[in-house]
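Okay, structure first, notes after.
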Amino acid sequence: MSERALAAPESRYRAAHSQGAALRDRGEEATRGAGRIERPEEGERVRQPDPFLHVSSLSADQGPPNRARGGERRGRDGWRARHVHQGVPALGARTMTLDDENEQIRQRREKLEALRRRGIDPFGGRYPVTHWARGLADRLGNAVDEELKGFGAVSLAGRLVALRHHGKTCFAHLMDQTGRIQLYARADALGDEYARFVDLDTGDFIGVTGEMFRTRTGELTVAVKAFTFLAKSLRPLPEKWHGLKDVETRYRQRYVDLVVNTETRAIFQLRARLIGGIRKFLDARGFLEVETPMMQPIPGGAIARPFKTHHNALDMELYLRIAPELYLKRLVVGGLERVYEINRNFRNEGVSTQHNPEFTTLEFYQAYADYTDLMELTEALFTELAQSLLGTHALQWGEHAISLTPPWRRLGFFEGISQALGMTVTPATDAAAVARAAAGKGLTPHGGAPWELWKDVFETLVEPTLVQPTFVIDFPIELSPLAKRKRDNAALVDRFELFVGRRELANAYSELNDPIDQLARFREQAQLLERGDEEAHWLDEDYVRALEQGMPPAAGEGIGIDRLLMLFANQPSIREVILFPLLRPEGGRAPDEGGTER
RNA sequence: GAGCCGUUAGCUCAGACGGUUAGAGCACCUGACUUUUAAUCAGGGGGUCCCGGGUUCGAGUCCCGGACGGCUCACCA
């Protein structure tokens, strides 16, 4: 992640905080305390961003591929088909072997048993928290000693992430969702309990109460007066200095990654703020957020291969949606003139640094608008998000400096091709001539229809040049079965794709609302389907019926949220911005797993 | 799906040409240390070298097969 994104000015986090993109899971007491200056005696909780967001512990690049998959070994026989439903073995009902013995785990188990023998519950319960780490740092970061003395007792809960024994004292760092704070325990202050404190391991959850002071070296610290066991950690945390680097372990055990890698937390905090910012932007413009089916009998709205599933009680085939488009437009027919949905799509295709089988998109529709309106809306959305989240319109994307300041370049699809080939190309240009020119540029056109060649040329010769934000506009109709034809050129449609950093981030068009034209285009696609083109659109009769009911002119757009976040967080891999990216199971395929569905 | 690279202690990493008992730092354990902070000092324990075959007197190292991951390509957003 870039310095910009992580070590951003304070204002960025304050802005996000004021939008309420903070902690929501600590109950209403936490919510009640928002926005007020906390007084310890009021027992309020503070909601503040992680102060360590400013201190990136990972280098900006992920470095060369790492070896050391490092995670615990899992026995291959750890797989079980746990349930059998109607004779079909459940897939992926995996049981990890949790018996891997290593010295540190054994020691921790022994400590746990020792606690139980003393009548102490190692896995505690409710703990009333009065403060969070970041709140104390903000409130008392510059406080003088007298102020600290008068501040009173504080109670915090969290995970111990560092322990430094020092004679009859012990320093520790406690991490909660907002950041970390130092603890100082003394034998003379804790009495018998000091022996329990010394026995704590990094990774354990405890609750502490005590008073604030500042150490000789100036660090704000809680002098522990009492502490409570909240959860014993049986597994050691990764190394404190190098942390957890192994990419595979970071994805598989994201819980560990989140504990030890500040940057990972920052990415997902940014993700939440990004999505929150989008909602705020659209809500302010009268858009209504909706949710449409993820399981669809006819997967439509995009060109992609779907996942197939089955509903038992209804005994029907269903598909995970590849796009919400056709349902959202049904809502436009129903009079919801401005709608949007932020949700998952599923495509049964390759996995790469750019593609995860499930990915999140924003899709929105605006009646009485066309694609030119959406270009302006998109510019406004991106710049507003960048400004509020990152505090700038200037993004660092790998080696490239990208400026989001509008207006963005608009490049006609055929204009791009013409420039790339050094000849004027239009939909009417002789295909053989285009093929020759393409071959002259090192392209080997693999035959087919003219539009396939145009697409090839564009993707190979034009897209790689689109680093700065560029709207590619006016696509050939063959590539856009759901878009409205241009009034002055029936071979083209009112459509744009937004490219930033060579990647397509958005796709939008003026929606086809002529049911007769739509039906004709569906039928063309249906013929492709029959010829074995798995990616052709299916004929959705109800959708045509909806158009027959009358859909106002509208423009719609889809924006890839994961890719947008990659851009904002300067992350080269989509897996870095998805909490749990799809990976093959550890240890390979289950022996009793049936054939895969396609 | 193809190519290249990788997998060694809990974590991060070394391991020349195939040759004693596979190493380091952190983590862990024992001891010392009552304001440390990558605490320090002294001592110690910890390994299915990803899995399975093969070659060899001898394999972490070479060969073959497999698993998983990373990158690139293909498909795609």
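Naming convention: chains lettered A, B, ... in sequence-line order (proteins, then strands); numbering from 1 in each chain.
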In whole Å, I'd like the distance from the NE2 atom of His173(A) to the C1' atom of U35(B). 13 Å
Classify Gly243(A) by what it touches in the nucleic acid, base, sugar-phosphate, or nothing, heavy-atom distance under 4.0 Å. sugar-phosphate
The glycosidic conformation of C33(B), counting syn as within 90° of 0 and anti otherwise, is anti
Sugar-phosphate only, base, or nothing, as touched by Asn507(A) at under 4.0 Å among non-hydrogen atoms: nothing
Given the 90°-from-0 boundary between syn and anti, A24(B) should be labelled anti
Determine the Euclidean distance between corresponding C1' atoms of U12(B) and G58(B); express it in Å to zero decimal places. 31 Å
Can you give me every donor-acceptor pair (side chain of residues 497-504 of chain A, partner residue at least two apart or in another chain, under 3.5 Å) with its distance?
{"unit_1": "Glu497(A)", "atom_1": "OE2", "unit_2": "Arg495(A)", "atom_2": "NH2", "d": "2.8"}
{"unit_1": "Arg502(A)", "atom_1": "NE", "unit_2": "Pro464(A)", "atom_2": "O", "d": "2.7"}
{"unit_1": "Arg503(A)", "atom_1": "NH1", "unit_2": "Gln354(A)", "atom_2": "OE1", "d": "2.1"}

Please check the phosphate of C68(B) (OP1 and OP2 only) for any side-chain N or O of Arg584(A) closer than 4.0 Å. yes
State whether Arg575(A) places a side-chain N or O below 4.0 Å from either non-bridging phosphate oxygen (OP1 or OP2) of C71(B). yes
With B for base contact, S for sugar-phosphate-only contact and - for none (protein heavy atoms under 4.0 Å), nucleotides 24-29 of chain B reads -BBBSS
For the pair Glu113(A) and Lys232(A), find out whether any cationic side-chain nitrogen is under 4.0 Å from an anionic carboxylate oxygen. no
Going through the distances and angles, do Met212(A) and Leu220(A) end up as a side-chain contact (heavy atoms from CB on, under 4.5 Å)? CA-CA 7 Å; Met212(A) 304 304 299; Leu220(A) 193 65; 3.7 Å; yes
Please state whether the phosphate of G46(B), meaning OP1 or OP2, lies under 4.0 angstrom from any side-chain nitrogen or oxygen of Arg106(A). no
For RNA chain B, the expected dot-bracket line (Watson-Crick or G-U under 3.5 Å, [ ] crossing, | inter-strand) is (((((((..((((.....[...)))).(((((.......))))).....(((((..]....))))))))))))....
Is the shortest distance from a Lys or Arg side-chain nitrogen in Asp562(A) or Arg271(A) to a carboxylate oxygen in the other one below 4.0 Å? yes
Contacts of Glu358(A) and Ser573(A) projected onto RNA chain B by closest heavy atom; the upstream (5') one is Ser573(A)
